[in-house]
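Following: one structure in structure tokens, then a few remarks.
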Amino acid sequence: MRFLRRWGTIIVLVMAAVGFSIASPYFATVSNLNNILFSMIVSALVSLGLTWVVISGSFDLSIGLTVTTSSILVAFLIPILGPWAAIAVALVAACLIGAVNGILVTYGRLSGIVVTLGVMFVLSGINIFITGGYQVPVGYDETAFLYLGQGKLGIIGVPVLILLAVFLVALIAATRTRIGHYIAAVGDNPMAAFYSGINVYRWVILAFILSALMSGIAGVIVTSISSSAQPVGGEGYLLEAFAAVFLGATVLGKGKPHLLGTLVGVFFLYMVDSGMNMVGFPFAARHIFQGLVLIIAVGANALLNREEVHLKFI
């Protein structure tokens, strides 16, 4: 039983990969692996950011719209400020969104779900107002910026390398610095953390800022990949992110969200999606699968943490 708790999710992932490999000769190829990694980049960045907030004990529903807002900002500002300054402004704006969420949740003492849902609607309205409902193109002469989303180093896409770099920095911060330890302590027991001398509000706000920052990076990558910014569409990353975070919490039997598990969770979702497409499942099956994964993953987390008293219903 202990073995299954620790390795069960990995075993299911491997079994699914073997099954799709048997069903389709094109599944277990380097080309398809590259396609999976490339297609999961934005979702992975958003999911890794959400992981920080869930670890801190809250939720962030505005991550998808933060992606869209950052994407629009960078596309608008490139002709004015140049690509690098535009990226910096877009990421700062994303951090400000996260700071607003965190301040309202902590000092405002409001529900994380309610606050970030409200911010999500506000950002949606602002995005449509700014763009008029039309896409914002990026000039094809912006080769340096477009290289971030479309370039390759050998057979590996530059966005994949950016994802790997962000993940490694985040993993070091989560496991080797007080950032990760304090945020986890606050999420596990905020009162105990407070009486231990930890500034609970500061670390919750930081978790929201990190979440928004990673969504902002995702927004920049989206713009670079598509050579334009769309006024809508970011909402679609929300379900994927929550499914990946809670599925990832079951990886290695931890029962609580962690960055490595989230990355494995995103890969699992996109691997199955690729396999479904090759086998011939209808597109709607992906949404059904994601919904089931979210429910099953939450149930698995409850089993892994069954010794804890369930006091959170938010």
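The model shown is predicted, which means the values in this text are computed figures rather than measured ones.
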For the pair [X] (side chain) and [Y] (backbone), establish whether a donor and an acceptor sit closer than 3.5 Å, ignoring hydrogens and angles.
X    : Y    : answer
T106 : Y201 : no
H258 : G248 : yes
T66  : G216 : no
S211 : A207 : no
E235 : L65  : no
T68  : G234 : yes
N189 : A185 : no
Q150 : I225 : yes
T250 : L247 : yes

Minimum heavy-atom distance between [X] and [Y], given as atom pair plus value:
X    : Y    : answer
Y26  : M278 : O-CE, 3.5 Å
C95  : I209 : O-CG1, 3.9 Å
L146 : S227 : CD2-OG, 3.6 Å
T175 : L171 : OG1-O, 2.7 Å
P257 : T51  : CB-CG2, 4.1 Å
P159 : G151 : CD-O, 4.0 Å

Can you hop from [X] to [Y] via hydrophobic side chains spaced under 4.5 Å?
X    : Y    : value
V136 : I87  : no
V222 : I126 : no
V204 : F59  : yes
V92  : L73  : no
I217 : V169 : no

Inset, instruction - Given side chain to side chain contact (heavy atoms under 4.5 Å, CB included), test L259 with L263 step by step and report yes or no. - result: CA-CA 6 Å; L259 294 172; L263 192 63; over 6 Å; no
Nearest 0.5 Å, what's the [atom1]-[atom2] distance between [X] and [Y]?
X    : Y    : atom1 : atom2 : value
L61  : F121 : CG    : CZ    : 9.5 Å
L213 : I97  : CG    : CD1   : 11.5 Å
K152 : F38  : NZ    : CZ    : 8.5 Å
S196 : Y182 : OG    : OH    : 9.0 Å
H181 : I198 : NE2   : CD1   : 11.0 Å
L260 : F167 : CG    : CZ    : 5.0 Å

Legend entry - V166/M214 under side chain to side chain contact (heavy atoms under 4.5 Å, CB included): CA gap, chis, key distance, verdict: CA-CA 8 Å; V166 171; M214 291 190 177; 4.1 Å; yes
Answer whether the closest heavy-atom distance between the side chains of [X] and [Y] falls below 4.5 Å.
X    : Y    : value
F76  : T131 : yes
V100 : F208 : no
L110 : V105 : no
W52  : I179 : yes
F194 : V186 : no
M120 : L117 : yes
M40  : F267 : yes
V30  : N34  : yes

Inset, instruction - Tell me yes or no: between the side chains of T69 and N127, is some donor less than 3.5 Å from an acceptor? - result: yes
Legend entry - Short side-chain donor-acceptor distance under 3.5 Å, N35 and S274: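 No.
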Inset, instruction - Using side chain to side chain donor-acceptor pair (under 3.5 Å) as the criterion, point out the one residue from S71, S70, S228 that pairs with T223. - result: S71
Legend entry - Working for side chain to side chain contact (heavy atoms under 4.5 Å, CB included), residues I72 and Q230: CA-CA 7 Å; I72 291 171; Q230 305 295 330; over 6 Å; no
Inset, instruction - Let me see the working for L13 and M271 under side chain to side chain contact (heavy atoms under 4.5 Å, CB included), right down to the final yes or no. - result: CA-CA 9 Å; L13 187 153; M271 183 197 73; 4.2 Å; yes
